[in-house]
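Here is how names work: the chains are called A, B, and so on, in the same order as the sequence lines, proteins then strands, and each is numbered from 1. The analysis underlying the following values was restricted to heavy atoms, covering all of them including side chains, and did not include hydrogens, waters or symmetry mates.
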There are 2 protein chains.
Amino acid sequence: MKTFTLPPLLGFGGSGQARMATATIKDVAREAQVSVASVSRALNGGRGVTAETSQRIREAATRLRYMPHAAARMLITRRTNTIGALLPDLYGEFFSELIRGIDLAARARGLHLLVSSSHDDAAAAAVALRAMQGRVDGLLLMSPHADAAFLRQNLPHDLPTVLMNTRLAGDDYCALSVDNDGGARMMVEHLLAIGHQRIVFIQGPPGNRDAGERELGYREALVSHAPDSPVIMLRGDFGEESGYRAGQEVLGMRPRPDAVFAANDMMAIGCMAALREAGICVPEEIAVSGFDDVPMARYVTPPLTTIQVHIAELGGQAMELLGEQIDHPDQVMTGIHRRVAAKLVVRGSTGAAPG
Amino acid sequence: MKTFTLPPLLGFGGSGQARMATATIKDVAREAQVSVASVSRALNGGRGVTAETSQRIREAATRLRYMPHAAARMLITRRTNTIGALLPDLYGEFFSELIRGIDLAARARGLHLLVSSSHDDAAAAAVALRAMQGRVDGLLLMSPHADAAFLRQNLPHDLPTVLMNTRLAGDDYCALSVDNDGGARMMVEHLLAIGHQRIVFIQGPPGNRDAGERELGYREALVSHAPDSPVIMLRGDFGEESGYRAGQEVLGMRPRPDAVFAANDMMAIGCMAALREAGICVPEEIAVSGFDDVPMARYVTPPLTTIQVHIAELGGQAMELLGEQIDHPDQVMTGIHRRVAAKLVVRGSTGAAPG
DNA sequence: ACTCAACATGAAAACGTTTACGTTGCCGCC
DNA sequence: GGCGGCAACGTAAACGTTTTCATGTTGAGT
């Protein structure tokens, strides 16, 4: 079998930068004088190959700058080593932190990350979902329009999936979301603890899950810790403007509330603007607090007391959960529903901390 | 050839949710009574197939919910229809906008997006770069440590690549960056136009490309429009703290500067804090301006005059450029270097606008 | 010395596509 | 009526892996 056939596509001649097409496993096999099977074994598990042949193969591989062809491996292995993240139109810190958390956890598992973001409507999300078919081993899904029907329609039922912050609780899928409820309770307890009695809540957009849970936490905390305090709601939509309007409404209330808890930071900031314009001092006359701990929160005057959620952790834990699901496909994990903790950050706007 | 062999893995029985493994092209071929070649033809170009057979094939495909196996296609086609984005550790709005721009442009071209983010050092970036080998048709690369040597070392020379905001100008690669220079000039011209004479510049971190270009723009504008105005530099590092310290230095200067131009918004905000503490009114006594137009810029008091760069456009244009390169591999496009425009946003901190 | 297990290795099948190349059947033209 | 050409379609060869199976080869146990 000694033939004179040179490696067909590899360097011609000797020194250095010869233009070479990417080497395949066959080239490595020839270079190391073994069969392709041995190369595969040596480079993967390393079992079933002598230490010295393995060594020789490894050397040949690096010499040829061999990189296994991803597609070929996927084809036979039926694993892509890639997970997909389907995300809605997200902005700012939230998005970047989420991706960071996912990416880090994925990299730790040796997985690649295929992202598809900015889906405004269900149709766009469905298209993106289909396009990911077969390119990913699992799916991280955060979508406001991901109701049960949508999922059953568009999701391959055998694809491991973890839902993040979605409406439907963990009946058929794994899910993970931020502890809105607990966070809101903490905030109300804080406000009560520093002596406030009449706490008004500025709601988020109707139908929004996060907003709803935060409202729930507010109600729960009141009934369990201060059953005599009134439940006062104002409409909002997470926008700064709506917070401003809510602030104006607060001004007209008699007796005047002594604290405002907005369902997110932007509304809290808008609310503070309205109060300031009316000459009301925060926190002396009215305490104000928000939710999210956006970067801006510590820069407004006074700095905003708020609830911090570790978004990167949301992404990271979701990735962990997905990884488990991928590694143990038989194990039933549907129905698991975890929450990532929220943390109270006390700043000047509730008067309990100097800065 | 009429046999009774049922499609082996497909539904057993009839109605609805029968558990089925994913259908392959063979299943479709059998279902439509044609060869696999015809299926491929019908589903791709559609040439070389009768309209009616094509129709029949298409029906069979949808009936079986056929989705071509991505890996198999990649293997034979040698195209992944995926582009990779290698990004450093980015935060907040910048990151999310960049991804949004890239993602949208990629989707418009039918390309998937593989991201790898959060690379602090060159080693991590190199690993990530290698891992993307063969999984992508092109690369979008933004990396502070992407010098020429690094690229030549780790980048397959035949992989279309577009550099974003990197140090080395377009000698060997396509590059794209924000017009720091032009933006800074615009800002200085604005400050001069409203009557300021002594404009101090707060520098960014040494070695930072963006910071350097902004400083250059500042110098250029001064020499060309106000050669008599002094060039005054203060050290900074893009952090709010450093802006605060710079602000304190400004306070001690005699004659006192009448305007501050910080290399980014956070430093401008820090600077304003220092001035406020000293009882100096912005913009009446000293005007302050920044660069970036971070979301916070419009919420500080007074709202910050700054330079807005359309980050999404940076990503989108980079993707466009990369797409061109992928579609026309022979065409030499190395050396192209585009800049995305910057825009002056005048707000209260330079006193030229009410709010 | 003979058997049997254990082990290193190679040959070849499989994964699901695309595509170059044949093969047919049909039509028009001489 | 034979012949060339064209269009539709099928056959089979690739693509680069992993993995099963078969085949030595060795070493230990009797």
Side-chain angles (χ1 to χ4, degrees), chain A residues 1-2 7-10 20-58 60-61 64-82 133-135 137 156, chain B residues 1 7-10 20-58 60-61 64-82 133-135 137:
Chain A
M1 250 311 196
K2 281 268 177 66
L9 293 163
L10 301 178
M20 60 165 78
T22 60
T24 79
I25 197 173
K26 276 189 188 172
D27 299 318
V28 179
R30 191 179 319 111
E31 177 87 1
Q33 317 257 39
V34 293
S35 72
V36 292
S38 294
V39 176
S40 176
R41 279 189 282 257
L43 263 36
N44 296 352
R47 292 180 8 166
V49 187
T50 316
E52 50 188 335
T53 27
S54 179
Q55 171 76 5
R56 203 174 65 231
I57 291 171
R58 235 173 276 273
L64 264 44
R65 281 184 170 66
Y66 168 67
M67 285 289 303
H69 195 288
R73 192 190 290 222
M74 287 182 209
L75 179 58
I76 189 75
T77 308
R78 303 190 131 330
R79 282 205 50 172
T80 64
N81 287 314
T82 304
Q133 285 281 25
R135 309 184 86 97
D137 295 334
Chain B
M1 250 312 198
L9 294 162
L10 302 178
M20 60 165 78
T22 59
T24 79
I25 198 174
K26 276 189 188 173
D27 300 318
V28 179
R30 192 181 317 113
E31 177 87 1
Q33 317 258 39
V34 292
S35 74
V36 291
S38 295
V39 177
S40 177
R41 280 189 281 255
L43 264 36
N44 297 352
R47 291 178 10 165
V49 188
T50 318
E52 51 190 335
T53 25
S54 178
Q55 170 77 5
R56 204 173 64 231
I57 290 171
R58 235 173 275 273
L64 297 181
R65 281 184 171 66
Y66 169 68
M67 285 288 302
H69 195 287
R73 192 189 289 220
M74 287 183 210
L75 179 57
I76 189 77
T77 308
R78 302 187 136 318
R79 284 208 45 173
T80 64
N81 287 314
T82 303
Q133 285 282 26
R135 309 184 85 100
D137 295 333

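Across all strands, B:T24 comes closer than 4.0 Å only to sugar-phosphate atoms, never to a base (heavy-atom distances). Within 4.0 Å (heavy atoms only), A:T50 reaches sugar-phosphate atoms of the nucleic acid but no base atom.
Computed from coordinates, the B:R56 CZ to D:dC9 C1' distance equals 11 Å when rounded to whole Å. When the C1' atom of D:dT11 is taken as reference, atom CD1 of B:I25 falls 14 Å away, rounded to whole Å. Atom CE in B:M74 sits about 18 Å away from atom C1' in D:dA14, given to the nearest Å. In this entry the distance linking CG of B:L75 with P of D:dT17 reads 9 Å, nearest Å. One atom, CZ of A:R78, and another, P of D:dT19, lie 12 Å apart when rounded to the nearest Å. For the pair B:Q55 CD and D:dA8 P, the interatomic distance rounds to 16 Å; values are reported in whole Å.
A:R78 is listed as a side-chain neighbour of B:H69, based on a closest heavy-atom distance under 4.5 Å. Counting heavy atoms from C-beta on, the side chains of A:I25 and A:P68 never come closer than 4.5 Å. Side-chain contact between B:M67 and B:T22 is absent, with no heavy atoms from C-beta onward closer than 4.5 Å.
B:T80 is linked by a side chain to side chain contact (heavy atoms under 4.5 Å, CB included) to B:M74, B:T82, B:D137, counting only residues two or more places apart in sequence or in another chain.
Here the range on DNA chain C touched by chain A, meaning any atom under 4.0 Å from one of its heavy atoms, is C:dA8 to C:dG16.
Nearest-nucleotide mapping onto DNA chain C: of A:S54 and B:M67, the residue sitting toward the 5' end is A:S54. Between A:N44 and B:R41, it is B:R41 whose nearest contact on DNA chain D lies nearer the 5' terminus.
One finds the OG1 atom of B:T53 at 10.0 Å from the CZ atom of B:R41 (value rounded to the nearest 0.5 Å).
Not a single donor-acceptor pair under 3.5 Å links the side chain of A:T50 to the backbone N or O of A:E52.
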